[in-house]
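By convention in this document, chain letters (A, B, ...) are assigned in the order of the sequence lines, proteins followed by strands, and residues within each chain are numbered from 1. Predicted model only: the values in this text are computed from it and were never measured.
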2 protein chains.
Amino acid sequence: MEQAVAYWKVRGLKMTSVRKIICQTVFSSAEAFDAEDLLQRARQKDGLISLSTIYRTLSTLQEAGLLVEVEGIDRKKCFSVVGTQTSAASHVVCQDCGQVIPLENPCLSLRESGPAHQTGFSPKKISLRIEATCDELERCGTCVRSNKTKE
Amino acid sequence: MEQAVAYWKVRGLKMTSVRKIICQTVFSSAEAFDAEDLLQRARQKDGLISLSTIYRTLSTLQEAGLLVEVEGIDRKKCFSVVGTQTSAASHVVCQDCGQVIPLENPCLSLRESGPAHQTGFSPKKISLRIEATCDELERCGTCVRSNKTKE
DNA sequence: CTAAATGCAAACAGTTTGCAGCTGC
DNA sequence: GCAGCTGCAAACTGTTTGCATTTAG
């Protein structure tokens, strides 16, 4: 969050009230979210925020390296907050509820960049995407996560 | 190729001339391709083939487990022929020329399904996507692959 | 006061779908 | 001959963009 502010300040960009709200919402997310989700949640604080602003803000946060993009189950762009990882990210994408859960995977980059290098490429972003079904749904008929009692 | 024929036969579907052409084209591809690429190439054999048929055929080949989907650099759906791999696939996606190159990565699934399992999910598809830049382009100013002297 | 940010509506791109006619079996 | 396939054009969906207006610094 402070990093986002810093990023904007450095580039001579403005910290507006809308951006503040979006940032607060973004950085309090445990899972990945798509633009629509974020709009929903941000509008609870300011009902006028528009989708385009959401997209624009997500772009800059991504450029700032504070978010990574993941493809959701329905091909939507999803975003998740990056921790300390450099350029590699792992996510589980649930086929049942569509939820996208970040996974710790500290050595992914180390492990996987080698082979790519050997084929004549320099890896820039590595992402592991695991599409999966929810065990709980399988057992109980409902998936706790699908009711989005989140945050 | 024979597998595709078999798949259709089993399901009571037809082997048409259009499908034959599309299959030939698909299964002679060294790299991943998107619908447009495939249309291009298939039309060299039959100038009337339509995009919708391409999409529809790609879908069934994917259902048949003969193709996997990868996200291209421009967010297009790309497809690559699966070898013997089960449910895991690795690709390098070149940021420079957009080409998508399949990577051998025999143990990916073994290595990566564990952690997902522990979080309460059963992995169904695992895909490793490495977005990279082309070393050659970096050195020489042109990327051999970008002129698509392929196949 | 000026450059940047916003909301809105319109534009876009890739993909999917409905339908009338054609084709394999 | 009937189920399934095809091409076309139209519909869709998520995302991006142009523009007139507002706002931070």
Interatomic distance where NZ belongs to B:Lys9 and P belongs to D:dA3 [whole Å]: 20 Å
Whole-Å distance, A:Asp74 CG to D:dG14 C1', equals 10 Å
Is there a donor in the side chain of B:Thr60 and an acceptor in the side chain of B:Arg19, or the other way round, less than 3.5 Å apart? no
Nearest-Å distance, CD (A:Glu69) to C1' (D:dG14)? 12 Å
Between atom CD in B:Glu71 and atom C1' in C:dG14, what is the gap in whole Å? 12 Å
Nucleotide C:dG14, atom P - distance to CD1 of B:Ile73 in whole Å: 14 Å
Side-chain N or O of A:Lys76 closer than 4.0 Å to phosphate OP1/OP2 of C:dT15: no
Enumerate all atom pairs, one protein N or O and one N or O from nucleotides 5-9 of chain C, separated by less than 3.5 Å.
from: C:dA5; atom 1: OP1; to: A:Lys14; atom 2: N; distance (Å): 3.4
from: C:dA5; atom 1: OP1; to: A:Arg19; atom 2: NH1; distance (Å): 2.6
from: C:dA5; atom 1: OP1; to: A:Arg19; atom 2: NH2; distance (Å): 2.9
from: C:dT6; atom 1: OP1; to: A:Thr16; atom 2: OG1; distance (Å): 2.6
from: C:dG7; atom 1: OP1; to: A:Leu48; atom 2: O; distance (Å): 3.2
from: C:dG7; atom 1: OP2; to: A:Ser50; atom 2: N; distance (Å): 3.0
from: C:dG7; atom 1: OP2; to: A:Ser50; atom 2: OG; distance (Å): 3.2
from: C:dG7; atom 1: OP2; to: A:Thr53; atom 2: OG1; distance (Å): 2.6
from: C:dG7; atom 1: N7; to: A:Arg56; atom 2: NH2; distance (Å): 3.0
from: C:dG7; atom 1: O6; to: A:Arg56; atom 2: NH2; distance (Å): 3.1
from: C:dC8; atom 1: N4; to: A:Ser52; atom 2: OG; distance (Å): 3.2

Have a look at B:Tyr7 and tell me which of B:Lys9, B:Gln3, B:Arg11 forms a side chain to side chain donor-acceptor pair (under 3.5 Å) with it. B:Arg11
Which of B:Ile101, B:Leu108, B:Val70 passes side-chain contact (heavy atoms from CB on, under 4.5 Å) with B:Ser90? It is B:Leu108
Run through B:Ile54, B:Thr16, B:Asp46 and flag the one making a side-chain contact (heavy atoms from CB on, under 4.5 Å) with B:Ile22. B:Ile54
What verdict does the side chain to side chain contact (heavy atoms under 4.5 Å, CB included) test give for B:Cys134 and A:Phe121, after you've listed the backbone C-alpha separation in whole Å, the side-chain angles of each residue and the deciding distance to 0.1 Å? CA-CA 5 Å; B:Cys134 174; A:Phe121 295 94; 4.2 Å; yes
Any side-chain N or O of B:Lys77 below 4.0 angstrom from OP1/OP2 of C:dT16? yes
What bend angle does the helix from C:dC1-D:dG25 to C:dC25-D:dG1 show across its length, from five-pair end axes and to the nearest 10 degrees? 30°
Does a side-chain heavy-atom distance below 4.5 Å link B:Asp37 with B:Arg41? no
A:Ile21 CD1 to D:dA24 C1': how many Å, rounded? 15 Å
For the pair made of CD in A:Glu63 and C1' in D:dT16, what is the distance, rounded to whole Å? 14 Å
Would you say the side-chain atoms of B:Thr133 and B:Asp96 include a donor-acceptor pair closer than 3.5 Å? no
Smallest separation among heavy atoms of B:Cys78 and B:Val100, with atom names: SG-CG2, 4.1 Å
B:Arg11 or A:Tyr55, whichever maps to the more 5' nucleotide of DNA chain D: B:Arg11
Between P on D:dT15 and CG on A:Asp37, what's the gap in Å once rounded to a whole number? 11 Å
Within a reach of under 6.0 Å around CD of A:Gln24, are more than 12 heavy atoms found that belong to other residues, nucleotides or ligands? yes
